[in-house]
Protein chains: 2
Amino acid sequence: MAADKNLIGEINNNLRHLIQLLQTRSKKIRKETGITGPQLLAMKTLTEFPDISISELARRIYLHPATVVGIVDRLEGRSFVKRRRSKTDLRQVNVRLTAKGKGALQKAPGAARAPVLDGLETLPDRKLKRLSVSLAQLVRILDLSAKGPILKRRRGRPRKEESMPVKRRGRKSS
Amino acid sequence: MAADKNLIGEINNNLRHLIQLLQTRSKKIRKETGITGPQLLAMKTLTEFPDISISELARRIYLHPATVVGIVDRLEGRSFVKRRRSKTDLRQVNVRLTAKGKGALQKAPGAARAPVLDGLETLPDRKLKRLSVSLAQLVRILDLSAKGPILKRRRGRPRKEESMPVKRRGRKSS
DNA sequence: CCGTGATTATTTGTATACGAATCTTGCAAT
DNA sequence: ATTGCAAGATTCGTATACAAATAATCACGG
């Protein structure tokens, strides 16, 4: 068994398995809390960065804006978050947690608050560090491979806006 | 910055990012080959293990049988695979690649054939080994945490069956 | 032989998840 | 000002992905 091939194949396999485990985990959290993993992640992010736009939220949780629209739709449907059209830039829509949303977050059990890492705390620091480094390396490699030789610079500027009701736009309103 | 919290948070973050990168990768493969990542994975698995049941295929690629049904549906729709009801166990449905499916696999570019690891080969063996070990560790921890204290033994027995046309069953046929 | 529970594939329902198209708004160059 | 292009949010279409329910079959005990 060629060492290289097997190593890479094993990594591949473990990645598949890993993703499936995280998926199952999300389902379990949903059964326990009524909130899915991505929804929880979005709300957690909104705790840390209140009132950010859809796009910025998407960037922070590594999702496509179109995906985040759906997640926010569902959260808003349950009154966990609220949308507001930005005053300074009418294209943007800002999202923020409601009191009900904050309450739901607090009621979520520990497993939900730390979306991944139940057993990780039992690992010695050394292995934890190694895991972190390896993951970062993997991400970096995939990232470069994805973006190719191009490297895009992005400057973020602070934003401040206030309220305003939100009217949907886009291709078609039902 | 508390070392522990940050490490775990970073791992979490990198996992998110990693999943998104793999997702994007799958889409790119689809544009290039017309076949998605999971479909490709299923076909690759069928190359290695021809004529296995839906359940076994699902186990091998770490997916829920219900998910695999959809994937096989689409592959069968394009005549890349074929379903056959097992003769020895009428509950099972076996899947195998067609000539067209094999051809499509061969035509898939290198990136598609190694679903993840373009840049990985450039890594020195030492780092590769560390990555593999860390991933395995992570998977093991999540797996245990998912299954809890219970450990289920599964014995797989070999299966051999032959042809037969497939008629759909289940809740309702359209 | 007959019932009972387990196994297998499927369907249904719901939630991600992304790309492409679209509309609105912002911004800069002419 | 006008034109044109970029950025933001949304919709649509498609593909994962899983749990629960369902139907068929199997394996087994009596």
Side-chain angles (χ1 to χ4, degrees), chain A residues 16 19-31 34-42 52-59 61-75 77 83 85-95 154 159 166-174, chain B residues 16 19-31 34-42 53-59 61-75 77 83-95 154 159 166-174:
Chain A
R16 258 337 273 186
I19 290 176
Q20 192 271 338
L21 286 172
L22 293 177
Q23 193 84 239
T24 302
R25 201 186 168 69
S26 171
K27 299 283 177 177
K28 195 202 284 183
I29 291 178
R30 191 188 173 204
K31 282 201 71 171
I35 309 176
T36 65
Q39 287 173 16
L40 211 47
L41 181 61
I52 55 178
S53 70
I54 297 274
S55 288
E56 186 170 351
L57 180 55
R59 272 192 299 272
I61 57 184
Y62 302 105
L63 288 178
H64 198 283
T67 304
V68 173
V69 165
I71 293 174
V72 169
D73 277 354
R74 271 159 243 129
L75 286 177
R83 263 185 250 243
R85 176 81 55 192
S86 164
K87 276 236 167 107
T88 59
D89 187 338
L90 284 240
R91 293 171 302 179
Q92 295 190 357
V93 170
N94 295 74
V95 189
R154 269 234 157 264
R159 309 183 180 184
V166 174
K167 247 178 277 183
R168 293 239 164 177
R169 288 181 313 214
R171 179 185 269 182
K172 189 177 107 188
S173 355
S174 55
Chain B
R16 264 327 279 185
I19 290 175
Q20 192 272 335
L21 286 172
L22 292 178
Q23 192 84 239
T24 302
R25 200 185 168 68
S26 172
K27 298 285 176 175
K28 195 202 283 185
I29 290 178
R30 193 190 173 206
K31 284 200 69 173
I35 309 175
T36 65
Q39 288 173 15
L40 210 48
L41 181 60
S53 70
I54 296 275
S55 289
E56 186 172 350
L57 180 55
R59 272 194 299 273
I61 58 183
Y62 303 105
L63 286 178
H64 197 284
T67 305
V68 173
V69 166
I71 292 174
V72 170
D73 277 354
R74 270 160 243 127
L75 286 177
R83 264 185 251 241
R84 288 201 254 168
R85 176 81 54 190
S86 162
K87 276 234 167 107
T88 59
D89 186 340
L90 284 245
R91 292 170 301 178
Q92 294 190 359
V93 170
N94 296 75
V95 189
R154 270 233 158 264
R159 310 184 178 177
V166 174
K167 250 179 274 182
R168 291 239 164 176
R169 287 180 316 214
R171 179 183 269 177
K172 190 176 104 186
S173 2
S174 52

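Hydrogens, waters and symmetry mates play no part in the numbers below; they use all other heavy atoms, side chains included. The sequence lines fix the lettering, A, B, ..., with proteins before strands; numbering per chain opens at 1.
Protein atom CD1 of Ile61(B) is 11 Å distant from nucleotide atom C1' of dA17(D), rounded to whole Å. Rounded to whole Å, atom P of dA9(C) lies 15 Å from atom CZ of Arg84(B). When the P atom of dC18(D) is taken as reference, atom CG of Leu22(A) falls 11 Å away, rounded to whole Å. Atom CG of Leu41(B) and atom P of dT16(D) are 11 Å apart (whole Å). For Ile19(B) and dA15(C), the CD1 to P distance is 20 Å, given to the nearest whole Å. Following rounding to the nearest Å, Ile54(B) (CD1) and dA23(D) (C1') show an atom-to-atom distance of 16 Å. Computed from coordinates, the Arg85(A) CZ to dT25(C) P distance equals 8 Å when rounded to whole Å. Between the P atom of dA20(C) and the CZ atom of Arg30(B) lies a distance of 10 Å, rounded to the nearest Å.
Applying the 4.0 Å criterion to OP1 and OP2 of dT16(D), one finds that Gln20(A) has every side-chain N and O outside that range. The shortest distance between the side-chain N/O atoms of Thr67(A) and the OP1/OP2 oxygens of dC18(C) is below 4.0 Å. Look at Arg74(A) and you'll find a side-chain N or O under 4.0 angstrom from OP1 or OP2 of dT16(C). Side-chain nitrogen and oxygen atoms of Arg83(B) include none within less than 4.0 Å of the OP1 or OP2 phosphate oxygen of dT8(C). OP1 or OP2 of dA15(D) has not a single side-chain nitrogen or oxygen of Gln23(B) nearer than 4.0 Å. Listed pair Thr24(B) / dC18(C) fails the phosphate criterion, with no side-chain N or O lying under 4.0 Å from OP1 or OP2.
Expressed to the nearest 0.5 Å, how far CD of Gln92(B) lies from OG of Ser86(B) amounts to 5.5 Å. Once rounded to the nearest 0.5 Å, the distance linking CG of Leu40(B) with CG of Leu75(B) reads 9.0 Å.
Ranked by how close their nearest DNA chain D nucleotide is to the 5' end, Pro65(A) and Ala66(B) are led by Pro65(A). The residue among Lys31(A) and Arg16(A) whose nearest nucleotide of DNA chain D is located toward the 5' end is Arg16(A). Positionally, the nearest nucleotide of DNA chain C for Lys27(A) lies more toward the 5' end than for the other of Lys27(A) and Pro38(A). Mapping Thr36(A) and Val93(B) onto DNA chain C by nearest heavy atom places Val93(B) at the nucleotide closer to the 5' end.
Of all heavy-atom pairs between Thr36(B) and Arg30(B), the closest is CG2-CD, 3.6 Å. Looking at every heavy atom in both residues, Pro38(A) comes nearest to Ser26(A) through CD-OG, 3.9 Å.
Listed by first then second residue, pairs satisfying side-chain hydrogen bond (donor to acceptor under 3.5 Å, both in side chains) with a partner in residues 65-75 of chain A read Asp73(A)-Arg83(A), Asp73(A)-Arg168(A), not counting sequence neighbours.
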Are Arg16(B) and Leu63(A) close enough, and set up right, to give a side chain to side chain contact (heavy atoms under 4.5 Å, CB included), and what steps lead you there? CA-CA 9 Å; Arg16(B) 264 327 279 185; Leu63(A) 288 178; 3.6 Å; yes

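A donor and an acceptor atom sit less than 3.5 Å apart, one in the side chain of Arg91(B) and one in the base of dT7(C).
The Ile71(B) side chain lies nearest to dT16(D) when the options are dT16(D), dT11(D), dT25(C). Side-chain atoms of Gln92(B) lie closest to dT8(C) of the nucleotides dC26(D), dT16(D), dT8(C).
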